[in-house]
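Data block below; observations after.
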Number of protein chains: 2
Amino acid sequence: MNETSASGENLLFLTDEQLRKGIEAMFFAYRGFTADPDRILSELAYGRAHHRAVHFINRSPGLTVNALLSVLGVTKQSLNRVLRTLIEDGLVESRVGRKDRRERQLFLTEKGAELERRLSEAQRARMRTAYRTAGPQAVAGFRQVLEAMMDEQIRAQYLSLKEVRS
Amino acid sequence: MNETSASGENLLFLTDEQLRKGIEAMFFAYRGFTADPDRILSELAYGRAHHRAVHFINRSPGLTVNALLSVLGVTKQSLNRVLRTLIEDGLVESRVGRKDRRERQLFLTEKGAELERRLSEAQRARMRTAYRTAGPQAVAGFRQVLEAMMDEQIRAQYLSLKEVRS
DNA sequence: CTTGGAAAGTCAACAAGACTGACATAAAAT
DNA sequence: ATTTTATGTCAGTCTTGTTGACTTTCCAAG
């Protein structure tokens, strides 16, 4: 009822109005975040699902289909359609697993890596600009809040990949 | 190649790897951000599109269809399907515009407001927890980066609603 | 060694929600 | 009177999610 009740301490300053603004900021920012890759993808008759698959295959070459659909949070049937077109178009290579031959290991081809670079460069450019505009301290806060917003298991997954691979 | 090259200044610290982590943080956090409302919506055979419509009608009662589809960034055909079900189900009321009788002004019914509260409370709860975990300074940075990530016109739209309505 | 799950992946069919295009109606503007 | 604007609707397409049913491969218990 009293909006100014938290104005002194500034630690418990979470009015519903401020939370609502945060919610809308997420919504609008996410739209900006996906806008540039979306434009590139639509030229090629691909969608966001293709982008995500290519992104994570690039990040972890050789990961299995199961690992990929787990990180993407979709069903294997849904992923499979996307994956099939990427393989048909020669962007992704699917090799039979070395140890377990039921598994398929996924890799980007040179052509796939090229698309990945194009997409992620567009996305990074926007992120870079936003980071520079907001400044280093803001970036740290940005990451902290986003991490706190993730589901538990997802956050663990995310944090476990925080280190750069050699 | 050398990761520590930016460790001194900490102003131009934007390695591709750090940008990639930011991109993934957005992806995973957005999933968390929508997870709670999605669960509620699926019980009711609604989707995210319904949530967004209800959210913005609640924020700006009496806004026109045109204004709504502009803020949502979808076509009228797409919005219309969602809006029709919300009106049929008695969550949204569409009144002929007072000044311009071509326009329809949109309002939540009590039932609609109830769903809005349920959805936004779930979302606010997560946001509140994330904010408290990260702290006030992080929250400020979070908002700064998100604002910088929006498209120009969207940001203007967003900022113009920054003030609390009476 | 065989057989009977279990696990990984694929195929088929369906649904939500986005899109475009065409058209209808009513009201406002010229 | 004519044109423009705001809204709604119908039809059809696309992406990307879903479930269900199937094949191939592995492993473990008898």
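Each chain gets a letter, A, B and so on, in the order its sequence line appears, and its residues count up from 1.
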Practice task
Take A:Glu24 and B:Leu146 through the test side-chain contact (heavy atoms from CB on, under 4.5 Å) and record every step on the way to the result.
Solution key: CA-CA 10 Å; A:Glu24 292 189 9; B:Leu146 289 189; over 6 Å; no

Practice task
Say whether A:Glu116 and A:His51, considering side chains only, have a donor N or O and an acceptor N or O under 3.5 Å apart.
Solution key: no

Completion exercise
Ordered by number, residues from residues 69-86 of chain B within less than 4.0 Å of DNA chain C (heavy atoms) are B:Gly73, B:Val74, B:Thr75, B:Gln77, B:Ser78, B:Arg81

Handout entry: A:Phe27 and B:Phe56 aromatic ring geometry - parallel, tilted or perpendicular at 30°/60° bounds
Key = tilted

Handout entry: Donor-acceptor under 3.5 Å (B:Lys21 side chain, A:Arg143 main chain)
Key = no

Handout entry: Qualifying side-chain hydrogen bond (donor to acceptor under 3.5 Å, both in side chains) pairs with a residue from residues 82-94 of chain B, counting only residues at least two apart or across chains
Key = B:Tyr46-B:Asp89, B:His50-B:Thr85, B:Glu93-B:Arg95

Handout entry: Residues B:Asp36, B:Arg118; criterion salt bridge (Lys or Arg N to Asp or Glu O under 4.0 Å); working and verdict
Key = CA-CA 10 Å; B:Asp36 302 326; B:Arg118 203 175 150 210; over 6 Å; no

Problem - Residues B:Asp38 and B:Arg31 bridged, charged N to O under 4.0 Å - result: no

Completion exercise
Under a 4.0 Å heavy-atom cutoff, the residues of residues 91-105 of chain A touching DNA chain C are A:Arg102, A:Glu103, A:Arg104

Could you write out each protein N or O paired with an N or O of nucleotides 1-4 of chain C at a distance under 3.5 Å?
none

Handout entry: Comparing A:Arg52 and B:Val65 on DNA chain D - which has the more 5′ nearest nucleotide
Key = B:Val65

Practice task
Answer yes or no: is there an ion pair linking A:Glu121 with A:Arg128, defined by an N-O contact shorter than 4.0 Å?
Solution key: yes

Practice task
Using distance alone, with no hydrogens and no angle criterion, decide if A:Arg104 and A:Thr64 have a side-chain donor and acceptor under 3.5 Å apart.
Solution key: no

Practice task
Would you please classify the geometry between the A:Phe142 ring and the B:Phe142 ring as parallel, tilted or perpendicular, with 30° and 60° separating the classes?
Solution key: parallel

Practice task
May I ask you to decide if A:Glu147's main-chain N or O and A:Arg155's side chain share a donor-acceptor pair within less than 3.5 Å?
Solution key: yes

Problem - Within residues 24-47 of chain A: residues closer than 4.0 Å to DNA chain D (heavy atoms) - result: A:Ala45, A:Gly47

Exercise for the section: Taking atom types as modelled, find out whether B:Ser120 and A:Arg20 have a side-chain donor-acceptor pair closer than 3.5 angstrom. Expected result: no

Completion exercise
Span of DNA chain D engaged by chain A, first through last nucleotide within the 4.0 Å heavy-atom cut-off, is D:dT15 to D:dC26

Problem - Path from B:Ile23 to A:Leu68 over hydrophobic side-chain contacts below 4.5 Å - result: yes

Handout entry: Worked check of side-chain contact (heavy atoms from CB on, under 4.5 Å) between A:Glu103 and A:Val65
Key = CA-CA 7 Å; A:Glu103 295 179 342; A:Val65 171; over 6 Å; no

Practice task
Check whether the side chains of B:Gln123 and B:His55 place a donor and an acceptor atom closer than 3.5 Å, and report yes or no.
Solution key: no

